[in-house]
Amino acid sequence: MPNPADQIGRTWPPGDTYEVTRAAIAAFAEATGATHPAYVDVDAARELGYADVVAPPTFLVGFAQSSDARFVDDPASGVDFSRVVHGEQRFTHHRPAVAGDRLVAALTVESVRRMAGNDLVTTRNDITTVDGEPVCTSTSMLVVRGE
Amino acid sequence: MSGGLGVPKLSEVSVGDQIGSTTIHLTRADLVRYADASGDQNPIHQSDEVARSVGLPGVIAHGMLTMGAAVRVVVDWCGDPGAIVDYGTRFTGQVPVDAETGADLEVSAVVGAVDAEAGTVRVDVSATCGGSRVLGRARAVVRLPA
């Protein structure tokens with residue numbers, strides 16, 4: 001059986017480019033009950049000094065999880081996704097993502113701890129623009145429940 | 001509560017200030033909408049049968065939906081979603097969403113620390129469902145004007 005602990009320190013370079021769209025921001029804002037005008041109204045966003053509508057604080061989770069899939073879906077990871085629950089999540093925003101951003105994510109398996117028969121796997125996605133400007137560091141702790 | 005007095009200033013904020021509270025009602029339709037918007041189509045958030053097969057009481061909300069919905073209290077207070085420079089939480093409890101009655105999340109937030117040098121405040125967010133805490137150490141760091 002592959003052991004997640006053998007994956008500590010493994011990295012993946014920036015992968016597929018993700019383009020942030022106004023439609024995706026609006027849909028995510030609506031789905032989380034977010035009502036701030038800067039999510040949907042370009043003028044309101046520009047009044048706050050942003051180039052376009054602003055992504056909500058947790059918007060990049062989908063992109064981070066698609067990057068995590070490079071690790072989670074690899075049979076060598078030892079992670080059985082049907083046994084995974086989300087334990088912790090943190091976003092450090094270097095600047096807010098806005099519509100029009102073209103982003104990439106570099107993935108690192110930061111740590112794996114075994115606790116009470118579960119593996120606690122922490123991944124980090126360093127999300128930047130395609131030109132390398134830091135946008136967000138997303139850290140996720142996944143609990144892989146033991147058999 | 002900010003009382004609609006506009007954007008809070010760092011110098012006006014003190015540890016212990018209550019910045020807001022709200023009740024967020026979630027339905028099964030909300031979970032489908034979040035699944036579509038976020039790309040997280042895990043069936044434990046849509047099918048009682050699948051949820052029960054993995055030992056859950058029934059369909060539960062996405063932890064990330066709870067996290068994403070709760071931060072609205074902070075955004076409404078500071079007036080700028082981009083002022084939230086850090087936001088993290090542990091997922092400590094489940095939010096079962098009944099097919100008929102849905103679920104109610106009780107969210108409130110209080111200033112936990114003020115860092116005058118950094119120009120930020122730490123807001124501690126509480127989210128409970130049915131009296132149980134569902135987010136642990138949920139904290140948002142917010143940049144405020146001096």
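Quick note: numbers below take in every heavy atom, side chains included, and nothing from hydrogens, waters or symmetry partners. By convention in this document, chain letters (A, B, ...) are assigned in the order of the sequence lines, proteins followed by strands, and residues within each chain are numbered from 1.
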So does B:D115 pair up with B:R122, basic N to acidic O under 4.0 Å? no

Taking B:A70, B:G79, B:A35 one by one, which has the highest count of heavy-atom pairs under 4.5 Å against chain A?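 Of the candidates given, the most pairs with chain A belong to B:G79.
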
Looking only at heavy atoms and a cut-off of under 4.5 Å, which of B:G68, B:P81, B:G39 has the most pairs with chain A?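 Greatest number of close heavy-atom pairs with chain A: B:P81.
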
Any luck finding a side-chain donor-acceptor pair between [X] and [Y] under 3.5 Å?
| X | Y | answer |
| --- | --- | --- |
| A:Q89 | A:S140 | yes |
| B:D104 | B:T23 | no |
| A:S138 | A:N125 | no |

Per-residue contact mode, B:V85 against chain A (heavy atom under 4.5 angstrom): both

Where on B:A83 is there a heavy atom nearer than 4.5 Å to chain A: the side chain, the backbone, both, or neither? backbone

How long is the straight-line distance from OG1 of A:T11 back to CZ of A:R124, given to the nearest 0.5 Å?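 Here the interatomic distance stands at 9.5 Å.
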
Would a distance-only check, ignoring hydrogens and angles, find a side-chain to backbone donor-acceptor pair under 3.5 Å from A:H93 to B:I84? no

Measure from the side-chain N and O atoms of B:S38 to the backbone N and O of B:Y34, and report whether any donor-acceptor pair falls under 3.5 Å. yes

For chain B, the option from [options] that forms the most heavy-atom pairs under 4.5 Å:
| options | answer |
| --- | --- |
| A:A34, A:G87, A:A27, A:A45 | A:G87 |
| A:T139, A:V61, A:T137 | A:V61 |
| A:G62, A:A29, A:S66, A:G33 | A:G33 |

So for [X], is it side chain, backbone, both, or neither that comes closer than 4.5 Å to the heavy atoms of chain B?
| X | answer |
| --- | --- |
| A:H36 | side chain |
| A:F63 | neither |
| A:P56 | neither |
| A:Y50 | side chain |
| A:R95 | neither |

B:R133, CZ: over 12 other non-hydrogen atoms inside 6.0 angstrom: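 Atom CZ in B:R133 is not crowded, with 12 or fewer foreign heavy atoms closer than 6.0 Å.
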
